[in-house]
Trainee: 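Dropping a structure here in structure tokens format, bear with me for questions.
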Amino acid sequence: MVEINFEIVPRKAETYLNSKQLVDYENKRREFVEWLLVFGKKPEKVEGYSEYTARATTYRIGVFERYVWEKEEEYVPVLTRDHADDYVMHLAKEDYSGSHRCNTRDALVRYFKWRHHQHGEEKWEPKISFSKDQNTQPRDFLTVQERRKVREAALDYGSIPSYRSLSPEERAEWKKYVSQRLRKPLEEVSPDDWERVNGWKLTSIVWTSLDAGLRPAEVGRAKVSWVDTENEVLRIPVEESTKNRDNWLVSISSQTAEALERWIEERDQRELYDDTDALWLTRFGNPYDSQSLKRLLHNLCEEAGIDTENRKMSWYSIRYSVGTYMTREEDLAAAQAQLRHRSVQTTMKYDAAPVEDRQDALDRMG
């Protein structure tokens, strides 16, 4: 039995099928996935594809299958070469990226290669060829290595209010916080200890954005009520969802959940937040915007030794990196959910990700 570590039957497929059809469909999908993993690449040498390629291939074939079912208005157990020709023509006519078209065409070739190898059917030769876009990837997104450097730089960035800037009453409250952070008895906390305690605000902004790909507007309107650190998610309600009509449940890593928990604890000490549910405000009490976040990213890149000369680096560089590497680690469906896109077509710009469980992917992405 071949070990399969990803979902075989897409949830969307279940809405098209009755119970018997679902059993038949799952059996066919399992056979296809096992063939991809064992024989797919070079059947004569018993050489299969990587799990990433098998997962991406079955995802794209699932989209193809549902396209056929909708057109035929019924479950079609075995897809034909005519179906594939029709689908490729559909890809050519609609507004898809060149990379998505190429990747889908390759998935179709693998499907009919399986039908040929295992069931003796004729191979399929695409009647239309596609070329990958030269600029489908956002030009200036953070690489995996740069993401890790920015994450590390954010850990040392930012501070709590200076000792001398606080009134005696404020100082007493912050002293309790410093004592707790340093795990030092309250009576032993000195002014010098203030310098040892970095604030968690900027760290939490950066880490949350590295996980959730927050748009600048979402950083600006984020609320404490969005944060569920126990379940390691952001719960963004429909009325606060940028460019969307639905509530969103967005995964964050355990590391980011802890940073948010620490920031919320620190936030409670800051008078600036007394009458607001805003998760983050600038030191002037304003919501963050694209310009202030761009400055923050450039400062972090400088701190991390990342060259930004001749690069159009903005806060969207973080969001683009989430889409690119989530697509690589998981698939378009995961990237669509993580980036909160209404349509998967919006996410297809990230489909050119090279071969390299949403929360598991975040840990690997750094």
Side-chain angles (χ1 to χ4, degrees), residues 151 153-184 186 189 191 193-242 247-250 252-297 299-300 315 318:
R151 187 181 287 274
L155 191 60
D156 295 325
Y157 203 81
S159 62
I160 65 173
S162 68
Y163 182 86
R164 289 181 174 80
S165 69
L166 297 171
S167 67
E169 294 79 14
E170 292 171 331
R171 196 174 294 158
E173 288 301 313
W174 277 103
K175 189 174 183 180
K176 294 176 188 175
Y177 178 76
V178 173
S179 168
Q180 194 174 39
R181 280 284 303 273
L182 299 180
R183 297 182 180 180
K184 190 173 184 179
L186 187 63
V189 174
D193 290 321
W194 253 254
E195 302 301 321
R196 297 174 54 199
V197 178
N198 289 327
W200 282 95
K201 181 179 73 170
L202 297 180
T203 303
S204 64
I205 291 175
V206 174
W207 287 10
T208 304
S209 296
L210 283 167
D211 286 359
L214 295 181
R215 302 175 178 94
E218 290 172 325
V219 175
R221 69 177 58 170
K223 304 287 192 296
V224 174
S225 55
W226 291 10
V227 181
D228 180 351
T229 56
E230 183 177 350
N231 293 298
E232 298 178 357
V233 294
L234 299 180
R235 301 180 185 274
I236 306 177
V238 60
E239 61 272 14
E240 295 168 355
S241 301
T242 303
N247 297 326
W248 286 104
L249 191 66
V250 184
I252 56 175
S253 66
S254 55
Q255 187 182 28
T256 297
E258 183 176 357
L260 280 165
E261 191 169 344
R262 289 179 179 273
W263 160 240
I264 291 172
E265 179 184 336
E266 178 187 330
R267 176 187 175 281
D268 290 341
Q269 304 292 325
R270 294 180 179 266
E271 188 177 347
L272 190 65
Y273 295 90
D274 283 352
D275 299 315
T276 178
D277 189 38
L279 184 55
W280 300 297
L281 294 172
T282 69
R283 59 195 176 96
F284 302 109
N286 301 318
Y288 280 87
D289 58 21
S290 58
Q291 289 304 311
S292 56
L293 290 169
K294 180 179 179 180
R295 286 194 297 271
L296 171 59
L297 179 59
N299 289 339
L300 287 168
W315 201 251
I318 294 176

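This structure is a prediction, so every number in the text was calculated from the model and none was measured. Along the sequence shown, residues are numbered consecutively beginning with 1. The figures here come from the full heavy-atom set of this structure, side chains too, leaving out hydrogens, waters and symmetry mates.
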Trainee: Do you know the tightest heavy-atom contact between E232 and A257?
Mentor: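 Nearest pair, atom of E232 first, then A257: CG-CB, 3.9 Å.
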
Trainee: Salt bridge check, E266 against R262: does any charged N sit closer than 4.0 Å to a carboxylate O?
Mentor: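 Looking at E266 together with R262, the answer is no, because their closest N to O distance does not fall below 4.0 Å.
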
Trainee: Under 4.5 Å between any side-chain heavy atoms of K294 and L297, yes or no?
Mentor: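 They are not in contact (no side-chain heavy atoms under 4.5 Å apart), so the answer is no.
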
Trainee: Measuring from T229:OG1 to I252:CD1, what's the distance to the nearest 0.5 Å?
Mentor: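 Between T229 OG1 and I252 CD1, I get 7.5 Å after rounding to 0.5 Å.
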
Trainee: Could you pull out all residues at least two apart from E230 that satisfy side chain to side chain contact (heavy atoms under 4.5 Å, CB included)?
Mentor: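 By the side chain to side chain contact (heavy atoms under 4.5 Å, CB included) rule, E230 matches D228.
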
Trainee: Is the closest side-chain heavy-atom distance between L279 and L260 below 4.5 Å?
Mentor: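 In contact.
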
Trainee: Could you give me the CA-CA distance, side-chain angles and deciding distance for W263 and L202, then say whether side-chain contact (heavy atoms from CB on, under 4.5 Å) is met?
Mentor: CA-CA 9 Å; W263 160 240; L202 297 180; over 6 Å; no

Trainee: By side-chain hydrogen bond (donor to acceptor under 3.5 Å, both in side chains), which residues pair with D275, not counting sequence neighbours?
Mentor: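 Result, side-chain hydrogen bond (donor to acceptor under 3.5 Å, both in side chains) vs D275: none returned.
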
Trainee: Checking the side chain of T203 only, and the main-chain atoms of A154 only, is there a donor and an acceptor separated by less than 3.5 Å?
Mentor: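 Judged by distance alone, yes, a pair lies under 3.5 Å.
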
Trainee: If we only count heavy atoms from C-beta on, is the I236 to R221 side-chain gap below 4.5 Å?
Mentor: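 No - every pair of side-chain heavy atoms lies 4.5 Å or more apart.
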
Trainee: Measure from the side-chain N and O atoms of S204 to the backbone N and O of W200, and report whether any donor-acceptor pair falls under 3.5 Å.
Mentor: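 Confirmed, S204 side chain pairs with W200 backbone.
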
Trainee: Say you draw a straight line from CH2 of W280 to OG of S209; how long is it, rounded to the nearest 0.5 Å?
Mentor: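 Result: 6.0 Å between the selected atoms.
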
Trainee: Show the nearest heavy-atom pair for residues E218 and G213, with the distance to one decimal.
Mentor: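 Looking at all heavy atoms of both residues, the closest pair is OE1-O, 4.3 Å.
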
Trainee: Would you say the side chain of Y273 lies within less than 4.5 Å of the side chain of D268, judging by non-hydrogen atoms?
Mentor: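 The answer is no, as the side chains (C-beta and beyond) never meet within the 4.5 Å cut-off.
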
Trainee: Using side-chain contact (heavy atoms from CB on, under 4.5 Å), reason through R151 and T256 one step at a time and then give a plain yes or no.
Mentor: CA-CA 10 Å; R151 187 181 287 274; T256 297; 3.6 Å; yes

Trainee: Are any non-hydrogen side-chain atoms of I205 and L293 less than 4.5 angstrom apart?
Mentor: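 The answer is yes, as the side chains (C-beta and beyond) meet within the 4.5 Å cut-off.
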
Trainee: Taking only residues two or more places apart in sequence, or in another chain, which ones meet T208 in a side-chain hydrogen bond (donor to acceptor under 3.5 Å, both in side chains)?
Mentor: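 So T208 forms no side-chain hydrogen bond (donor to acceptor under 3.5 Å, both in side chains) with any residue.
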
Trainee: Is the shortest side-chain heavy-atom distance between D211 and L234 below 4.5 Å?
Mentor: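 D211 vs L234: side chains apart.
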
Trainee: Could you pull out all residues at least two apart from L272 that satisfy side chain to side chain contact (heavy atoms under 4.5 Å, CB included)?
Mentor: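 Checked L272 against side chain to side chain contact (heavy atoms under 4.5 Å, CB included); matches are L281.
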
Trainee: Test of understanding: with side-chain hydrogen bond (donor to acceptor under 3.5 Å, both in side chains), list the residues that count as partners of W207, not counting sequence neighbours.
Mentor: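 W207 satisfies side-chain hydrogen bond (donor to acceptor under 3.5 Å, both in side chains) with no residue once adjacent residues are dropped.
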
Trainee: Report the residues that fulfil salt bridge (Lys or Arg N to Asp or Glu O under 4.0 Å) with D289, sequence neighbours left out, ordered by chain and then residue number.
Mentor: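 Once residues adjacent in sequence are excluded, D289 has no partner under the salt bridge (Lys or Arg N to Asp or Glu O under 4.0 Å) criterion.
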
Trainee: Report yes if some heavy atom in the side chain of K201 is under 4.5 Å from a heavy atom in the side chain of R270; otherwise report no.
Mentor: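 With C-beta onward as the side chain, the pair stays apart.
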
Trainee: Can you sort out the partners of E261 under salt bridge (Lys or Arg N to Asp or Glu O under 4.0 Å), two or more places apart, ordered by chain and number?
Mentor: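 So E261 forms no salt bridge (Lys or Arg N to Asp or Glu O under 4.0 Å) with any residue.
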
